[in-house]
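Notes follow once the structure below has been shown.
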Amino acid sequence: MEEIVIPALDQEAAARVRAGWKTIDKCGAHLGKLEDMVEQMAAMTGSVPDKLKSAMVLMCGDHGIAKYGVSAYPQEVTRQMINGYKRGTAGATVLARHAKADVFVCDVGTAFDLSDMDHVYPKKVAWGTEDFTQGPAMTREQAQAALQVGMEMADMCIDKGYNLLYTGEMGIGNTTATAAIASAFLGLDPQLTVGRGSGINDERLRIKRQVVVDGLAKNKPIKGDAMDILCKVGGYDHAGLAGVIIGGARRRVPTMVDGVNATAAALLAYGLYPECRNYMLCSHLSSDISAKAMLELMELVPIVDAGLRLGEGTGASLAIVVLQSALDVYNQLHK
């Protein structure tokens, strides 16, 4: 993979925003996180944009461990949901429209032939990951290729004029891989990382937890080693989103990180290039149990806490509305 340089934050721009807030007729820092978000945007981009032009990059990949019944849904739902994105009938696309964001759907590793879907960018690295209870999920070359896909998608969006990226994902079984990533990176027992994901019952939860236990025992990923963890228990959707975050950061374009699967992707990006964390905004606190621990490690503070579990960029769409409101207050009121 090419050498990546992540630029430093623009502290002078951040200082100008802090000074600008003081010119607004209000008592103290009573706009709380709104003030922080505008300052963060200035530090990341060097200015305070009037309007956000947001692109949700929705990475799609399937998981070899789905066959064990770790989700409430069969793997075929991956294809069905991707088809729904074109019709605009998915919750993710409804909320994206509300956020005035455009959606870019990318097949980085599904198990299906999506060549008949003209709204999907065909970047397939492999036909889903391998079953990580039997060995690594992917090779190092495949992981690097998927990361590169994410960076290419980020570049494409930035070249089109988008000044904010945000993460979406689709792939049945991905919260199982996310739990394995969180356990491996943070050194946590699967009891503390395996949640109900799509709303599974107790029996599926038991199976899901055992799959993560077996995958970690078989592969023995190195704690904190992002590339090793990605190859052994990650997904192509995770790799693609990590690439989006890295690609945005190297060009001073922030990424709004969505739910627990995207948070795992952000953790991998952080592990590969720690400076990426400076270009991340956290949209919401996922109800999945591993989300909080991953966010705390990266010191990311959620904008919204609404008990969301859906993923697919839904929480990020809500947070973008809040961020645009913060920018509007600053731009219209500061002197």
Side-chain angles (χ1 to χ4, degrees), residues 32-34 36-37 40-41 52-60 81 84-85 88-105 150 157 162 164-172 174-175 177-179 181-182 193 195-199 235 237-238 240-242 244-245 248 253-270 276-277 279-327:
K33 288 183 182 179
L34 298 188
D36 296 338
M37 284 188 283
Q40 281 181 287
M41 284 294 290
L52 295 173
K53 184 176 181 182
S54 305
M56 177 167 73
V57 185
L58 207 157
M59 286 290 178
C60 305
M81 288 300 301
Y85 297 139
T89 56
T93 51
V94 172
L95 285 170
R97 288 197 298 272
H98 180 67
K100 296 181 174 59
D102 295 321
V103 180
F104 297 86
V105 182
C157 291
Y162 291 93
L164 179 68
L165 307 174
Y166 71 106
T167 56
E169 86 296 325
M170 186 61 222
I172 297 301
N174 54 13
T175 62
T178 284
I181 290 167
T193 64
R196 294 188 183 272
S198 54
D237 43 359
H238 295 102
L241 288 181
V244 169
I245 294 167
V253 173
T255 299
M256 182 75 77
V257 177
D258 188 55
V260 68
N261 296 311
T263 301
L267 188 65
L268 294 170
Y270 168 79
C276 280
R277 179 254 173 265
Y279 292 87
M280 297 180 198
L281 295 163
C282 175
S283 66
H284 73 109
L285 179 61
S286 169
S287 63
D288 206 282
I289 62 175
S290 64
K292 187 176 181 182
M294 291 189 286
L295 292 176
E296 286 177 349
L297 177 70
M298 293 184 285
E299 299 181 338
L300 292 174
V301 179
I303 296 170
V304 176
D305 184 357
L308 298 176
R309 185 189 287 151
L310 182 59
E312 301 176 46
T314 50
S317 291
L318 292 177
I320 284 169
V321 175
V322 178
L323 176 57
Q324 182 64 68
S325 299
L327 296 171

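In what follows, residues are counted from 1 in the order of the sequence shown.
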Can you find a heavy atom in the side chain of [X] that is under 4.5 Å from one in the side chain of [Y]?
X	Y	result
Met294	Val260	yes
His98	Ser317	no
Ile181	His238	yes
Met298	Thr263	yes
Asp36	Val301	no
Phe104	Cys157	yes

So how far is it from [X] [atom1] to [Y] [atom2], rounded to the nearest 0.5 Å?
X	Y	atom1	atom2	value
Glu169	Met56	CD	CE	9.0 Å
Leu267	Leu297	CG	CG	6.0 Å
Cys60	Asn174	SG	CG	10.0 Å
Thr314	His284	OG1	NE2	5.5 Å
Leu300	Arg277	CG	CZ	4.5 Å
Thr167	Asp237	OG1	CG	11.0 Å

### Partners passing ring-ring contact (aromatic ring centres under 6.0 Å, His included) against Tyr270 (at least two apart in sequence or in another chain)
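Counting only residues at least two positions away or on another chain, Tyr270 forms no ring-ring contact (aromatic ring centres under 6.0 Å, His included).
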Counting N and O atoms only, with roles assigned by atom type, does the side chain of [X] sit under 3.5 Å from a partner on the main chain of [Y], one being a donor and the other an acceptor?
X	Y	answer
Lys33	Pro302	yes
Asp258	Ala316	yes
Thr255	Tyr166	no

#### Entry: Evaluation steps, side-chain contact (heavy atoms from CB on, under 4.5 Å), between Ser325 and Leu34
CA-CA 8 Å; Ser325 299; Leu34 298 188; 5.5 Å; no
### Message
Could you check whether atom NZ of Lys53 has more than 12 heavy atoms from other residues, nucleotides or ligands sitting under 6.0 Å from it?
### Response
yes
### Message
Heavy-atom count check: over 12 atoms from other residues, nucleotides or ligands less than 6.0 Å from Lys292 NZ?
### Response
no
Looking only at heavy atoms, what is the nearest atom pair of [X] and [Y], with distance?
X	Y	value
Ala266	Ile245	CA-CD1, 3.6 Å
Gln324	Leu52	OE1-N, 2.8 Å
Leu281	Pro254	CD1-CB, 4.5 Å
Ala265	Ala242	O-CB, 3.5 Å

#### Entry: Val105 and Met170: CA distance, side-chain angles, deciding distance, side-chain contact (heavy atoms from CB on, under 4.5 Å) verdict
CA-CA 9 Å; Val105 182; Met170 186 61 222; over 6 Å; no
### Message
Within the 3.5 Å criterion, strictly below it, is a donor on Thr178 or Asn261 matched to an acceptor on the partner's side chain?
### Response
yes
### Task
Go through the steps to decide whether Ile303 and Met256 satisfy the test side-chain contact (heavy atoms from CB on, under 4.5 Å), and finish with yes or no.
CA-CA 10 Å; Ile303 296 170; Met256 182 75 77; 3.8 Å; yes
